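Okay, structure first, notes after.
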Number of protein chains: 2
Amino acid sequence: MASRAKATILDIAREAGVSKSTVSLVLQGSGLIRPETAVKVRKAIEDVGYVYNRGAANLRKAHSNVIGMVINDLTNPFFAELAVGMERVFQAAGIVPFIANTAENPVRQEEVLKSLMEQGVAGLIVSPARGTTPGAFRRIEAAGVPIVFAMRRLPESRIPAIAPDNHRGAYLATQHLIGKGHRRLAFFGGSSDLVVYHDRLGGFLEACEALGIPAADRTIVEGETSRRGGMACLETALAAPEPPTAALCFNDAVAFGVMLALRKRGLEAGTDFAVVGFDDVAEAEHYMPALTSVAVDTAGLGERAAHVMLKMIQSRTTRAEDHIGAVSLAIRESCGPDRNARGVGMGDAA
Amino acid sequence: MASRAKATILDIAREAGVSKSTVSLVLQGSGLIRPETAVKVRKAIEDVGYVYNRGAANLRKAHSNVIGMVINDLTNPFFAELAVGMERVFQAAGIVPFIANTAENPVRQEEVLKSLMEQGVAGLIVSPARGTTPGAFRRIEAAGVPIVFAMRRLPESRIPAIAPDNHRGAYLATQHLIGKGHRRLAFFGGSSDLVVYHDRLGGFLEACEALGIPAADRTIVEGETSRRGGMACLETALAAPEPPTAALCFNDAVAFGVMLALRKRGLEAGTDFAVVGFDDVAEAEHYMPALTSVAVDTAGLGERAAHVMLKMIQSRTTRAEDHIGAVSLAIRESCGPDRNARGVGMGDAA
DNA sequence: GCCTATAAATGGAACGTTCCAATAAATCAA
DNA sequence: TTGATTTATTGGAACGTTCCATTTATAGGC
């Protein structure tokens with residue numbers, strides 16, 4: 001069935017009775033060829049079942065049209081939303097981005113990046129895996145391939161980053177919690193090898209500072225950025241002598257975990273313990289109870305990242321401005337007032 | 001900063017004082033090279049920041065090591081799980097799969113496939129978009145590139161498919177519902193342009209038939225395979241004069257939608273209305289109430305699909321056996337007994 | 001010392017494109 | 001008519017690899 005050797009531009013040329021150059025021109029939609037000739041060539045292309053060999057073309061052209069998207073955790077719907085936002089703008093530009101998953105593993109990430117580079121990508125949008133070493137992108141930068149970080153960035157890298165205003169988001173959320181009367185607050189999940197972690201935790205701490213929550217009444221529990229991590233965080237926090245009554249979670253996955261763990265203990269999120277998430281994934285709105293979360297406009301950030309990348313490629317530069325996206329607090333049902341709040345910070349733990 | 005022109009095998013040869021052929025041999029890990037020479041070459045490679053040009057190599061080798069994964073909806077965690085399963089086995093084989101999303105759009109799918117083919121993929125694992133035309137893969141088959149369908153298949157295609165036993169899964173679920181005393185059953189979501197839909201609906205109908213649910217007591221509502229679709233299904237079903245008391249949903253997303261819509265009406269899934277999902281995504285177990293669902297071992301199917309693909313590539317064939325994965329019913333809390341069940345099918349709607 | 005066998009390294013011709021410079025054909029100005 | 005201009009088409013040299021057929025170096029047997 002399958003045609004033996006795959007057809008090349010020369011086969012088409014023979015079939016159509018023109019030169020290979022003419023075929024090439026037709027393929028590129030050049031206006032230099034007579035319309036009738038173009039038609040003839042296109043028919044030949046169809047007849048022989050030709051498939052364009054982009055590898056060969058790139059050998060001469062030196063600029064491919066593939067863009068790689070390296071995602072640290074595809075199973076987190078948050079990143080899927082991000083990817084979808086990017087795809088929207090790339091599609092409009094006639095580009096097909098290739099997505100690769102690193103599963104939060106720096107070694108895997110290394111392999112993925114290498115493979116993408118060998119494929120000759122025109123640019124890379126990366127949400128780096130936890131524990132990525134500072135030098136991981138040195139070679140790519142040296143090769144002059146534009147990179148932009150999405151959502152996450154690296155400690156001291158000059159690579160442009162597109163991310164939400166994590167500090168402010170955390171501040172807003174914490175303020176909200178305090179406004180509800182909570183005086184013993186926790187920050188759940190994430191780990192200090194992530195820059196985002198420091199941003200979010202920083203916002204939390206600043207709000208505590210500014211609104212009079214003493215250090216002794218703040219509980220900070222690092223943990224996996226997943227449901228399971230969230231469950232673990234709640235358990236350790238509640239084991240303390242004076243446990244918190246509210247928590248800001250590193251992300252929504254952690255928040256879901258916390259709510260799960262609450263339920264397991266017969267407690268209800270919102271009335272017995274307040275929880276706020278971060279990222280506002282689609283699910284947050286539909287959860288039971290609906291999760292109050294910091295909305296970051298995920299798809300919008302994806303679009304922005306894609307635009308920045310496109311501009312970098314077009315202007316052949318490897319530099320660009322960072323972009324900090326606006327955030328807002330989506331207030332729902334997962335954090336009611338502190339039930340035993342009377343005076344300020346004097347109530348005992350149950 | 002960036003080295004002007006990118007380094008080639010010849011630059012390395014010059015740097016290391018050997019011929020390009022030697023460099024090529026080293027790159028391929030040939031045992032023909034004296035170890036000391038290899039070391040020298042590898043050092044040169046490091047020094048000049050060389051990146052391998054796979055496009056150029058493929059021009060000669062005619063077999064690439066990239067595999068494309070075409071997914072119809074990345075935001076559905078179900079497909080993300082599938083992708084993760086596949087990645088596991090490809091990683092072990094030293095292959096980096098590229099994932100592309102079609103967002104359930106056949107036109108987009110066409111573009112994606114074209115792009116992947118131009119890139120010279122060695123094989124394609126595809127979960128076809130809704131409304132894919134029968135001829136969509138003809139050219140790829142003609143080019144001799146192996147394809148396997150995952151989860152979904154096309155009406156009359158000879159392309160091997162890896163999928164769960166949808167018919168049996170639906171039968172099991174329906175049987176469970178009937179066993180709980182329900183007599184007016186619904187099948188929610190999905191649409192008849194999907195082969196899976198007919199498989200699952202078929203299982204549902206067969207169970208109804210076998211266990212004595214007359215056609216008049218079956219409600220079938222097509223709809224989007226998403227939360228929103230599920231909500232719509234419930235609404236239409238409950239508007240009927242004798243509404244169903246239980247539903248088997250096309251997939252978990254639909255089931256979540258149904259539960260949401262129930263809650264909006266002040267009804268509770270499990271006690272007021274029974275709902276069963278399909279696919280058993282990770283979320284199902286954690287939902288409130290936990291969703292009873294047909295477990296299909298998603299990641300396992302992904303692994304299987306990857307293995308089949310690997311074998312096809314290795315044996316240079318384009319044919320393979322279909323594979324139907326075993327299913328089981330994960331019984332949780334979302335379907336209690338029919339509350340007004342006394343006699344058979346005589347209770348009036350609320 | 002010579003011949004042969006083995007090991008290590010090499011030059012050159014592909015592979016399928018693009019694109020420049022050149023040609024051929026058609027049109028126009030005089 | 002002739003030369004200049006424009007419009008279509010074309011050959012050939014790259015691009016960065018691989019791999020075959022050679023060459024060169026090293027060792028062994030006598």
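Fair warning: this is a prediction, and the values are worked out from it, not measured in the lab. By convention in this document, chain letters (A, B, ...) are assigned in the order of the sequence lines, proteins followed by strands, and residues within each chain are numbered from 1.
Remark: the A:Ser21 side chain and the A:Ser24 side chain contain no N/O donor-acceptor pair separated by less than 3.5 Å.
B:Lys43 has no carboxylate O lying under 4.0 Å from a charged side-chain N of B:Glu46, or vice versa, which leaves the two without a salt bridge.
Distance B:Asn58 CG to C:dG16 P: 12 Å, rounded to the nearest Å. Residue A:Arg54 contributes atom CZ, which lies 13 Å from atom C1' of C:dT18 at whole-angstrom precision. If you measure from atom NZ of A:Lys61 to atom P of C:dG16, you get 18 Å, rounded to the nearest angstrom. The nearest whole Å value for the distance from the NZ atom in A:Lys20 to the P atom in C:dG16 is 13 Å.
When each of D:dT9, C:dT17, C:dG16 is scored by its nearest atom to the side-chain atoms of A:Ala57, the top-ranked nucleotide is C:dT17. Residue A:Asn53 places its side chain closer to C:dG16 than to any other of D:dT10, D:dT17, C:dG16. Side-chain proximity of B:Ser21 to C:dA9, C:dG12, D:dT10: nearest is C:dG12. For B:Thr37, whose side chain is taken as the heavy atoms from C-beta onward, the closest listed nucleotide among C:dA8, C:dT18, D:dT10 is C:dA8.
Residues B:Gln28 and B:Gly55 each lie close to DNA chain D; by heavy-atom proximity, the contact nearer the 5' end of the strand is made by B:Gly55.
Judged by atom type and distance alone, A:Arg60 does not reach the base of C:dT17 through any side-chain donor-acceptor pair under 3.5 Å.
Within 4.0 Å (heavy atoms only), B:Ser24 reaches at least one base atom of the nucleic acid. No engagement by A:Leu27 is indicated, since no non-hydrogen atom pair under 4.0 Å with the nucleic acid exists.
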Requested in this report: Just do the side chain to side chain donor-acceptor pair (under 3.5 Å) check on A:Thr102 and A:Asn72 with the steps written out, would you?
Outcome: CA-CA 5 Å; A:Thr102 62; A:Asn72 63 293; 6.0 Å; no

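Ring geometry, A:Phe149 versus A:Phe137: the interplanar angle exceeds 60°, so the pair is classed perpendicular (tilted spans 30 to 60°).
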